[in-house]
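Worksheet: one structure, shown below.
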Amino acid sequence: MTTLITNIKELLQVRETSIAKVSGAEMAILPTIKNAFLLIKDNLIEDFGSMENLHEIKADKVIDATGKIILPSWCDSHTHIVYAGNREQEFVDRINGFTYEEIANRGGGILNSAKKLNETSEEEIYEQSKVRLEEVMRLGTGAVEIKSGYGLTIEGELKMLRVIKKLAENYPIAIKATFLGAHAFPLHYKENKAGYIEEIITKMLPEIVQNKLADYIDVFCETGYFSVEETEQIMQAGIDFGLKPKIHVNQFNSIGGIQSGVTFKALSVDHLEIMNPEDIEALKGSETMPVALPSCSYFLSIPYTPARDMIKAGLPLALATDFNPGSTPSGNMNFVVATACIKMKMTPEEAINAATINGAYAMGLSETHGSITKGKKANFIITKPISSYYQIPYAFGSNLIESVFIEGKILI
């Protein structure tokens with residue numbers, strides 16, 4: 001099956017040869033072709049170029065994209081979209097003056113979600129989660145990472161990871177699974193933190209790896225959650241079991257988690273709302289991708305990742321949603337890109353790079369996703385007729401997507 005799309009107003013993120021990521025000043029460069037064509041064969045990108053270079057092609061389907069822009073589908077490298085219920089009451093509590101930490105100390109937050117998840121059947125969790133997955137696909141996301149972490153028991157964590165695996169089997173979107181048993185300490189381990197870490201390492205990890213339920217391991221490295229030393233212990237255990245680390249760091253405090261992530265060759269370090277000069281310095285020259293979650297900052301009214309300082313220092317940066325029931329109940333990557341431009345002062349070019357090619361890197365998907373490159377997956381967004389791609393972040397409240405292709409097929 002071949003599909004030819006013609007008269008594309010502008011084709012974004014065109015890379016003749018595949019690259020892993022863009023960093024520093026390169027983030028401001030977004031290669032494009034105006035008045036372009038795109039040819040897809042089955043589920044892959046077959047060819048692209050300027051309309052003036054288009055020779056006669058016999059395609060099974062031809063689409064006229066006059067006035068419309070095409071860009072790669074979003075690559076959302078940090079989500080928690082498998083969960084049960086919601087935390088609407090905590091949203092109101094924050095409006096009434098309670099902080100994220102105060103809510104957590106009262107048994108809310110992650111522990112609230114863990115209670116709901118362990119009381120909900122696996123089938124019901126799947127039914128709730130697939131609705132959220134379908135929503136983000138319609139919003140242009142073509143690759144997503146999903147974390148566990150609301151079980152905090154071996155049964156609960158396995159249940160979540162099985163749901164993630166089932167979603168990956170039933171939907172065309174690329175899904176990476178991350179084991180986040182170290183999301184918080186369960187109440188019954190509050191005075192025995194070493195005991196819970198031992199359970200993660202000796203009981204959860206072997207079962208998860210044996211059943212091939214995770215690609216990565218994650219830890220919430222933060223004051224009041226897991227210390228740097230505890231994070232390192234869990235990261236090393238994950239590595240020993242063949243799981244690469246991706247860690248939550250610097251959401252509320254800078255305590256040395258970034259340095260540990262770099263030392264342990266974490267694929268990404270995520271959140272980064274609080275960044276000191278030494279944190280930025282530690283990331284220089286590393287293979288670890290910094291990931292910002294601006295809609296979390298928006299929802300919690302906490303600082304935004306200092307993107308300008310990081311890009312000026314020559315670092316790469318990825319953008320993700322952090323879709324979860326407590327601090328970011330949204331998987332809308334279009335809003336993330338707009339918020340990065342509005343609140344983090346990223347240019348549209350930088351934000352699109354961060355949400356596509358760098359997001360793919362943060363999931364280990366650089367070879368197949370994140371750019372318009374021959375041989376990569378035919379995952380892309382066709383916008384409605386718009387004046388320029390600047391309108392994507394500018395008109396932040398409008399749905400500018402006309403259609404989404406994933407694996408070469410248009411979503412209904």
Side-chain angles (χ1 to χ4, degrees), residues 76-87 90 100 103-104 107-120 122 125-126 128-129 132-133 144-165 167 175-190 193 196-197 199-201 203-205 207-209 213-222 224-226 230-231 234-235 237-238 241 243-249 251-252 257 261 266-271 291 293 296 320-329 331 363:
D76 188 354
S77 67
H78 185 128
T79 81
H80 307 253
I81 65 177
V82 170
Y83 60 84
N86 62 63
R87 285 170 21 207
E90 294 177 15
Y100 184 90
I103 291 168
I110 295 164
L111 296 181
N112 185 4
S113 286
K115 183 176 184 294
K116 290 177 179 176
L117 183 124
N118 284 300
E119 292 171 349
T120 306
E122 188 167 325
I125 294 166
Y126 175 80
Q128 292 182 26
S129 300
R132 293 186 281 266
L133 182 65
V144 65
E145 180 256 21
I146 308 175
K147 304 177 190 293
S148 69
Y150 293 130
L152 306 185
T153 63
I154 187 166
E155 296 83 7
E157 291 296 306
L158 287 170
K159 182 161 63 171
M160 290 189 75
L161 289 165
R162 284 194 299 266
V163 168
I164 297 169
K165 184 176 182 179
L167 290 170
I175 296 177
K176 290 286 190 174
T178 298
F179 168 50
L180 180 56
H183 201 188
F185 287 97
L187 283 176
H188 59 284
Y189 276 111
K190 194 172 183 180
K193 293 184 175 181
Y196 183 58
I197 292 170
E199 183 169 319
I200 289 172
I201 294 171
K203 295 183 180 179
M204 295 186 190
L205 266 172
E207 191 84 16
I208 288 162
V209 172
L213 292 174
D215 302 291
Y216 304 113
I217 189 165
D218 199 343
V219 184
F220 188 11
C221 181
E222 181 57 72
Y225 292 86
F226 291 82
E230 291 163 344
T231 298
I234 295 164
M235 279 196 292
F241 276 98
L243 301 180
K244 197 170 181 67
K246 286 167 61 74
I247 59 172
H248 288 58
V249 288
Q251 183 174 3
F252 303 110
L267 180 59
S268 69
V269 287
D270 302 27
H271 271 292
V291 179
L293 311 171
C296 177
T321 64
D322 194 24
F323 193 178
N324 74 81
S327 62
T328 322
M363 286 185 277

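The first residue of the sequence shown is numbered 1, and numbering continues consecutively from there.
The aromatic rings of F185 and Y196 lie perpendicular to each other, with more than 60° between the two planes, well past the 30° mark.
Under a 3.5 Å cut-off, the side chain of R132 and the backbone N or O of G331 do not form any donor-acceptor pair. A donor-acceptor pair is defined here as one N or O able to donate and one able to accept, closer than 3.5 Å; such a pair exists between the side chain of Y216 and the backbone of M363. The main-chain N or O of G109 is found under 3.5 Å from a side-chain atom of R87 such that the two form a donor-acceptor pair. Looking only at distances, a side-chain donor or acceptor of N118 sits under 3.5 Å from a matching main-chain atom of G151. Of the possible polar contacts, none joining the E145 side chain to the K176 backbone as a donor-acceptor pair under 3.5 Å is found. Side-chain atoms of E122 do not come within 3.5 Å of backbone N or O of V163 as any donor-acceptor pair. Put simply, the side chain of T328 never gets that close to the backbone of F323: no donor and acceptor are under 3.5 Å apart. In this structure a side-chain-to-backbone donor-acceptor pair under 3.5 Å is present from D76 to T321.
Rounding to the nearest 0.5 Å places CD1 of I234 at 10.5 Å from CD1 of I247. The distance from atom CG of L167 to atom CD1 of I125, rounded to the nearest 0.5 Å, is 11.0 Å. Rounding to the nearest 0.5 angstrom, the gap separating the OG1 atom in T153 from the CE atom in M204 is 6.0 Å. The CD1 atom of I154 sits 5.0 Å away from atom CD of E207, with the distance rounded to the nearest 0.5 Å. One finds the CG atom of L267 at 8.5 Å from the OG atom of S77 (value rounded to the nearest 0.5 Å). The distance from atom CG of D270 to atom CG of L293, rounded to the nearest 0.5 Å, is 6.0 Å.
Here the closest non-hydrogen pair linking V269 and G261 is CG1-CA, 4.3 Å. Of all heavy-atom pairs spanning K165 and L213, the tightest one is CD-CD2, 3.7 Å. The two residues I164 and S148 make their nearest non-hydrogen contact at CD1-N, 4.2 Å. Between S327 and D322, the shortest heavy-atom contact is OG-OD2, 3.5 Å. Considering every non-hydrogen atom in both L117 and G156, the closest pair reads CD2-O, 3.8 Å. Between F179 and L161, the shortest heavy-atom distance links the atoms CD1-CD1, 4.2 Å.
Contact check for P245 versus V219: no side-chain heavy atoms found under the 4.5 Å cut-off. Looking at I103 and N112, their side chains never come closer than 4.5 Å, going by heavy atoms from C-beta outward. Counting only heavy atoms from C-beta outward, the side chains of N86 and P329 never approach each other to under 4.5 Å.
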Side chain to side chain contact (heavy atoms under 4.5 Å, CB included) between F220 and I110, intermediate numbers included: CA-CA 11 Å; F220 188 11; I110 295 164; 4.1 Å; yes

Candidate pair H80 and L180, rule side chain to side chain contact (heavy atoms under 4.5 Å, CB included), full reasoning: CA-CA 10 Å; H80 307 253; L180 180 56; 3.6 Å; yes

Step-by-step side chain to side chain contact (heavy atoms under 4.5 Å, CB included) determination, V249 to H271: CA-CA 6 Å; V249 288; H271 271 292; 5.9 Å; no

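The 12-atom threshold is exceeded at NZ of K193, counting heavy atoms of other residues, nucleotides or ligands nearer than 6.0 Å.
The only member of I208, T178, L205, V209 that meets side chain to side chain contact (heavy atoms under 4.5 Å, CB included) when paired with I217 is L205. Checked against H248 for a side-chain hydrogen bond (donor to acceptor under 3.5 Å, both in side chains), the options E222, H183, H78 give a single hit: H78.
Among residues at least two apart or in separate chains, salt bridge (charged side-chain N to carboxylate O under 4.0 Å, His left out) pairs with a member in residues 107-116 are K115-E119.
In this view, D218 and K147 satisfy the salt bridge (Lys or Arg N to Asp or Glu O under 4.0 Å) rule, not counting sequence neighbours.
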